[in-house]
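As the structure is a prediction and not an experimental result, all values here were calculated from the model. Reminder, nothing fancy here: chain letters follow the sequence lines and each chain counts from 1.
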2 protein chains.
Amino acid sequence: MTEQRTSPPADPPPPPLAPGTRRPGGRTARTRAAVRDAVLTGLAEHGYPGLTVEYVAEHSGIHKTTLYRRWGNLEGLLVDALDLAGEDSWTPPDTGSLEGDLRALAHTTAASFEDSTAAAAPTAFIAAAFHSERAAKALNAFYTERFARCEAIVARAVSRRELDPRTDAGALVRAVVSPLFFRLFITREPMDEALADRSADAALAAARAGVFNSPAESA
Amino acid sequence: MTEQRTSPPADPPPPPLAPGTRRPGGRTARTRAAVRDAVLTGLAEHGYPGLTVEYVAEHSGIHKTTLYRRWGNLEGLLVDALDLAGEDSWTPPDTGSLEGDLRALAHTTAASFEDSTAAAAPTAFIAAAFHSERAAKALNAFYTERFARCEAIVARAVSRRELDPRTDAGALVRAVVSPLFFRLFITREPMDEALADRSADAALAAARAGVFNSPAESA
């Protein structure tokens with residue numbers, strides 16, 4: 001029943017659209033954070049089907065009995081780690097122009113999956129959603145909230161009169177990153193900076209052409 | 001060592017961008033097709049981590065010894081089923097206009113994942129790529145070849161003078177379907193006909209704005 005943190009909190013700030021990237025500190029309980037860290041490390045090392053409650057107990061220093069009592073099972077541990085990943089204070093890029101913001105969003109997303117060590121846990125969350133309905137729901141909640149934050153980019157562009165107020169902000173920000181995720185996780189093709197730029201530019205061109213205008217969602 | 005087909009060949013023609021959809025007949029050997037059918041059925045029922053060589057033996061009527069000798073292991077069976085899925089005669093939509101072709105491509109893709117039974121095997125291939133490097137390579141090969149076929153849409157549009165000859169055809173056709181796959185397998189959001197139309201229209205608007213123009217790949 002030792003509930004102490006054994007693994008040190010890890011370093012880089014969380015990339016925006018990579019669920020499960022570690023972050024230091026936070027307002028959550030030490031136990032929850034220690035367990036989260038162990039889950040992320042385990043996902044990075046073994047992936048979802050390879051992760052076990054035993055592993056999480058060993059690497060968090062939290063007794064297995066406590067893990068089962070509080071989180072129920074491995075799925076519960078996974079979902080809580082994902083929920084916790086969504087509780088950061090990340091805000092989308094604010095460069096002063098819509099083009100700059102969308103390109104920055106694309107670049108940050110691409111960069112967050114570029115380093116294979118950093119990408120391991122986020123990738124494992126995406127993989128886990130294929131095998132667990134609860135993980136899929138948690139991933140959906142993570143992205144829904146994350147893209148809601150990204151809508152600030154569009155709101156600012158509208159207030160600068162760069163964009164039609166009828167623009168569906170959610171559709172636009174999803175369009176920016178879709179080609180990146182598509183190549184990473186579906187077609188398994190390489191990504192580069194040029195692709196990130198082009199994805200942002202394509203979404204912007206479509207927005208300017210009014211493709212994302214939605215009469216139902218006028219701002 | 002009985003090498004006879006026990007499961008009947010299945011029915012609908014293969015959707016374009018859904019790897020592993022069954023198809024009837026073909027120029028491949030009966031054994032290979034029977035094994036492929038068993039792999040697809042097994043993937044649909046159990047997913048990749050749940051599929052076993054025993055299952056494939058039982059459902060194909062091909063002895064386990066033969067499976068191991070010819071395909072090596074489960075990964076080999078999976079990869080061959082995916083290779084075989086790419087050997088169909090599918091051609092991309094040809095409606096007479098670029099807009100019509102891109103919308104049809106988006107709709108066919110969306111439709112191929114709409115029915116959960118039909119989507120099970122293709123989805124399992126995408127999931128397997130997270131766990132198997134060989135599956136990831138086979139999936140990459142499948143999509144590379146599939147999108148190469150889709151480039152005919154762009155070539156026709158260029159010859160009709162609907163599109164700049166410098167348009168990177170591969171980028172354009174990938175852009176059409178990226179938002180659909182993104183919602184299906186990353187954010188786990190619902191898809192509908194309107195989304196398919198909008199994805200096609202967004203890609204088209206970007207192409208018309210010259211975003212996909214590539215000086216290196218002039219037609």
Side-chain angles (χ1 to χ4, degrees), chain A residues 17 19 47-50 122-131 133 135-144 146-147 168 170-172 174-190 194-195 197-214, chain B residues 17 19 47-50 122-131 133 135-144 146-147 168 170-172 174-190 194-195 197-214:
Chain A
L17 299 169
Y48 179 59
T123 301
F125 277 123
I126 294 168
F130 284 87
H131 307 291
E133 192 56 45
K137 276 186 187 157
L139 195 65
N140 172 266
F142 173 87
Y143 278 117
T144 300
R146 195 70 23 162
F147 282 113
D168 179 339
L172 171 51
R174 281 166 177 77
V176 170
V177 300
S178 289
L180 307 177
F181 281 91
F182 180 64
R183 282 171 173 83
L184 272 167
F185 298 116
I186 309 295
T187 61
R188 304 276 166 179
E189 294 171 295
L195 178 67
D197 281 341
R198 194 158 63 175
S199 297
D201 294 353
L204 180 57
R208 283 182 175 150
V211 173
F212 299 125
N213 284 5
S214 150
Chain B
L17 299 169
Y48 179 57
T123 301
F125 277 122
I126 293 168
F130 284 86
H131 307 291
E133 192 56 42
K137 277 186 186 157
L139 196 64
N140 172 266
F142 174 86
Y143 278 118
T144 300
R146 194 69 23 160
F147 282 112
D168 179 340
L172 171 52
R174 280 165 179 79
V176 170
V177 300
S178 289
L180 308 176
F181 280 91
F182 181 64
R183 282 171 173 82
L184 272 167
F185 298 115
I186 310 293
T187 60
R188 304 275 166 181
E189 295 171 294
L195 178 67
D197 280 341
R198 194 158 63 172
S199 298
D201 293 354
L204 180 57
R208 283 182 177 151
V211 173
F212 299 125
N213 284 6
S214 151

Leading residue by heavy atom contact count with chain B [cutoff under 4.5 Å; candidates [options]]:
options	value
D197(A), T144(A), I186(A), L180(A)	I186(A)
P179(A), A209(A), A124(A)	P179(A)
L204(A), T187(A), L195(A)	T187(A)
G210(A), A136(A), A141(A)	A136(A)

Proximity breakdown for [X] and chain A, heavy-atom pairs closer than 4.5 Å:
X	result
A127(B)	both
A207(B)	neither
R208(B)	neither
F212(B)	both

Taking atom OH of Y143(B) and atom CZ of R183(A), what is their separation to the nearest 0.5 Å?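 Answer for the OH-CZ pair, Y143(B) versus R183(A), is 13.5 Å.
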Donor-acceptor contact present, side-chain N140(B) to main-chain R188(A), <3.5 Å: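 Checking the backbone N and O of R188(A) against the side chain of N140(B), a donor-acceptor pair under 3.5 Å is found.
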Exercise: identify the closest heavy-atom pair between R198(B) and A171(A):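 For R198(B) versus A171(A), the nearest heavy atoms are NH2-CB, 3.2 Å.
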If every non-hydrogen atom of A202(A) is compared with every non-hydrogen atom of V211(B), which pair is closest and at what distance?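 Residues A202(A) and V211(B), closest heavy atoms: N-CG1, 3.6 Å.
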Could you go through F185(A) and F185(B), starting from their C-alpha distance and side-chain angles, then the distance that decides it, and tell me whether this counts as ring-ring contact (aromatic ring centres under 6.0 Å, His included)? CA-CA 9 Å; F185(A) 298 116; F185(B) 298 115; over 10 Å; no
Can you find a heavy atom in the side chain of I126(B) that is under 4.5 Å from one in the side chain of F130(A)?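 The answer is yes, as the side chains (C-beta and beyond) meet within the 4.5 Å cut-off.
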Using a cut-off of under 4.5 Å for heavy-atom pairs, which of G47(B), A129(B), S199(B) has the most such pairs with chain A?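 Result: the option with the highest number of such pairs is A129(B).
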